[in-house]
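From a predicted model like this one, the values you see are computed outputs, not experimental measurements.
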Amino acid sequence: MSQTLTFGDSCAPITCHAWNKDRNQIAFSPNNNEVHIYQKEGSEWKQTDNLVEHDMRVMGIDWAPNTNRIVTCSVDRNAYVWTQGDDGKWTTTLVLLRINRAATCVKWSPMENKFAVGSGARLISICYFEKENNWWVSKHIKKPIRSTVTTLDWHPNNILLVAGSTDFKVRVFSAYIKDIEDQPGPNVWGSKLPLGQLLAEFPSAGSGWVHSVSFSADGNKVAWVGHDSSINVADATQGKTVIKLKTEYLPFLGCIWISNNTLIVAGHSCIPLLYCHDGDEIKFVAKLDNTQRKESGGLSAMKKFQSLDRQARIETSDTYLDSIHQNAITCINLYKGTKADAVKFSTSGLDGQLVTWDLRSIESLEDLRIH
């Protein structure tokens with residue numbers, strides 16, 4: 001059902017990760033200013049490069065599958081687009097973000113002709129390539145964002161963008177750049193689509209910061225998770241009504257659709273959870289990690305006494321959790337399949353582990369995909 005990948009001796013927290021198209025290379029940041037590139041060789045992962053252009057902690061990584069470009073953003077207020085040369089080495093192209101606060105998240109558009117960067121400057125930079133100067137320039141979406149943008153996701157039409165922020169709001173914007181793309185037609189979210197047009201705003205009063213947002217595969221639904229352990233879904237075909245489920249778990253840090261009506265969430269509870277959006281409610285389906293604590297984790301009183309007698313210490317391994325991840329899951333990515341029909345996904349977390357999960361082992365999932 002799951003497989004834990006190991007990368008050298010490092011056990012530093014993984015801030016974020018991204019896969020290449022063939023899933024034989026991965027880029028991740030070990031909670032610092034570096035981005036490590038690993039390639040699979042046989043059954044092992046070998047480091048092939050270390051991207052060190054950033055001066056401060058890397059906050060976001062995205063790998064464009066078709067153009068094979070990596071974009072990274074950092075607390076140092078910069079973003080870089082990395083291109084791999086014939087010699088296998090990665091070189092950078094300058095990005096003019098024009099922000100005065102940390103860059104917090106980054107995402108390629110589906111057509112890979114632009115990307116969006118969220119920041120602490122209360123704005124979103126929509127970046128596209130300018131051939132004349134050989135750099136990436138940006139246009140800003142500012143109003144009515146009132147605080148740090150923490151998460152982004154693109155609509156499949158390459159025009160719309162959903163953003164979550166620390167002002168407790170989720171907003172759907174138009175990210176149309178007339179310099180590089182044709183005039184878009186109307187869609188279920190709206191018909192007026194100049195850059196920065198606000199098409200929907202969903203308040204999350206009492207939900208705290210918005211940690212993650214995700215468009216469904218058909219682009220009609222938006223899901224997000226907040227710091228109050230809630231899961232929220234808004235459907236544009238149903239009048240943009242918000243359906244909210246307050247869960248019993250610790251706050252979630254990530255969410256992603258795996259079919260048009262099912263999604264994965266994960267966060268401080270260290271376990272990926274599967275939920276289904278069915279009509280006017282969100283239903284819990286399954287825990288995807290059924291790991292049981294090993295016998296050594298719960299020693300009997302006699303064994304503890306024997307250990308204390310022999311080694312003058314007591315067993316402390318009961319701090320291990322009943323899960324593969326031993327700390328918060330901070331990043332979820334698709335590994336195999338699409339948002340319409342995902343087969344595998346990957347998670348990374350503060351425990352330094354990166355785990356791939358196979359959804360085919362969940363019996364109840366086949367029925368959900370039929371809807």
Side-chain angles (χ1 to χ4, degrees), residues 2 13-17 31 59-60 104-105 107 118 147-153 162-171 202-216 221-235 242-259 261-278 281-291 321-335 339 342 345-351 353-357 359 362 365 368:
S2 63
I14 296 176
T15 309
C16 46
H17 73 276
N31 201 40
M59 298 294 289
T104 53
C105 49
K107 199 88 170 178
S147 192
T148 300
V149 177
T150 54
T151 174
L152 299 164
D153 196 29
V162 61
S165 58
T166 56
D167 60 5
F168 310 160
K169 299 286 180 66
V170 171
R171 300 178 177 93
F202 305 111
S204 282
S207 297
W209 295 0
V210 179
H211 288 305
S212 181
V213 293
S214 181
F215 265 120
S216 59
K221 299 178 185 177
V222 166
W224 67 92
V225 289
H227 202 68
D228 69 341
S229 306
S230 66
I231 303 170
N232 307 265
V233 174
D235 191 337
V242 178
I243 300 168
K244 179 174 181 174
L245 175 66
K246 190 80 176 291
T247 72
E248 63 185 2
Y249 299 99
L250 295 176
F252 302 119
L253 297 175
C255 68
I256 192 168
W257 293 94
I258 59 167
S259 77
N261 66 319
T262 51
L263 64 154
I264 301 289
V265 299
H268 288 286
S269 288
C270 312
I271 298 173
L273 303 167
L274 182 67
Y275 282 85
C276 170
H277 174 237
D278 185 10
E281 61 180 335
I282 301 170
K283 299 177 181 177
F284 173 77
V285 178
K287 272 186 183 179
L288 301 187
D289 185 352
N290 295 314
T291 305
L321 303 177
D322 289 331
S323 60
I324 295 173
H325 278 289
Q326 294 294 301
N327 208 328
I329 296 171
T330 56
C331 185
I332 308 174
N333 279 321
L334 291 180
Y335 181 80
K339 283 184 178 181
F345 69 97
S346 61
T347 57
S348 60
L350 299 181
D351 57 356
Q353 294 194 90
L354 195 144
V355 183
T356 59
W357 307 81
L359 292 163
I362 305 170
L365 196 56
L368 295 173

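Of all heavy-atom pairs spanning Ser346 and Leu354, the tightest one is CB-CD2, 4.3 Å. Closest approach of Ala342 to Leu359, counting heavy atoms only: O-CD1, 3.7 Å. Of all heavy-atom pairs spanning Leu321 and Cys270, the tightest one is CD1-SG, 3.7 Å. A pairwise comparison of heavy atoms in Leu250 and Ser229 identifies C-OG, 3.3 Å as the closest pair. Scanning both residues, Cys105 and Thr151, for their nearest heavy atoms gives SG-N, 3.6 Å. In plain terms, the two heavy atoms of His277 and Ile243 that are nearest each other are NE2-CD1, 3.3 Å.
Distance CD1/Ile282 to NZ/Lys244: 10.5 Å, rounded to 0.5 Å. Atom OG of residue Ser230 and atom CH2 of residue Trp224 lie 8.5 Å apart, to the nearest 0.5 angstrom. With rounding to the nearest 0.5 Å, the separation of CD1 in Ile264 from CD1 in Ile329 is 10.0 Å. A distance of 9.5 Å separates CD1 in Ile324 from CG in Asn290, rounded to the nearest 0.5 Å. Here Trp357 contributes atom CH2 and Leu274 contributes atom CG; the two are 12.5 Å apart, rounded to the nearest 0.5 Å. Here the NZ atom belonging to Lys283 is positioned 14.5 Å from the CD1 atom belonging to Ile231, to the nearest 0.5 angstrom.
For the pair Ser165/Arg171, a side-chain contact is recorded, criterion being any heavy-atom separation below 4.5 Å from C-beta on.
With Phe202 as reference, Val170 is the one residue of Val210, Val170, Val162 to meet the side chain to side chain contact (heavy atoms under 4.5 Å, CB included) rule.
A search for side-chain contact (heavy atoms from CB on, under 4.5 Å) contacts involving Ser214 returns Asp153, Cys255, Ile256, Trp257, Lys339, not counting sequence neighbours. Scored by the side-chain contact (heavy atoms from CB on, under 4.5 Å) test, Thr330 finds Leu253, Ser348, Leu350 as partners (sequence neighbours excluded). Considering only residues two or more places apart in sequence or on other chains, Thr104 meets the side chain to side chain donor-acceptor pair (under 3.5 Å) condition with none of them. Evaluation of the ring-ring contact (aromatic ring centres under 6.0 Å, His included) rule for His211 yields His227 as partners, not counting sequence neighbours. Scanning for ring-ring contact (aromatic ring centres under 6.0 Å, His included) contacts around Tyr249 gives an empty result, with sequence neighbours left out. Residues that satisfy the side chain to side chain donor-acceptor pair (under 3.5 Å) test with Asn327, not counting sequence neighbours, are absent from this structure. Not counting sequence neighbours, the partners of Thr166 by the side-chain contact (heavy atoms from CB on, under 4.5 Å) test are Ser147, Thr148, Thr150, Trp209. Judged as a side chain to side chain donor-acceptor pair (under 3.5 Å), and not counting sequence neighbours, the contacts of Asp351 are His325, Gln353. For Lys169, there are no side chain to side chain donor-acceptor pair (under 3.5 Å) partners at least two apart in sequence or on another chain.
A donor-acceptor pair under 3.5 Å links the side-chain atoms of Asn333 to the main chain of His17, judged by distance alone.
Centroid-to-centroid, the aromatic rings of Tyr275 and Phe284 come within less than 6.0 Å.
In this structure, Asp322 does not pair ionically with Lys287, as no charged nitrogen and carboxylate oxygen lie closer than 4.0 Å.
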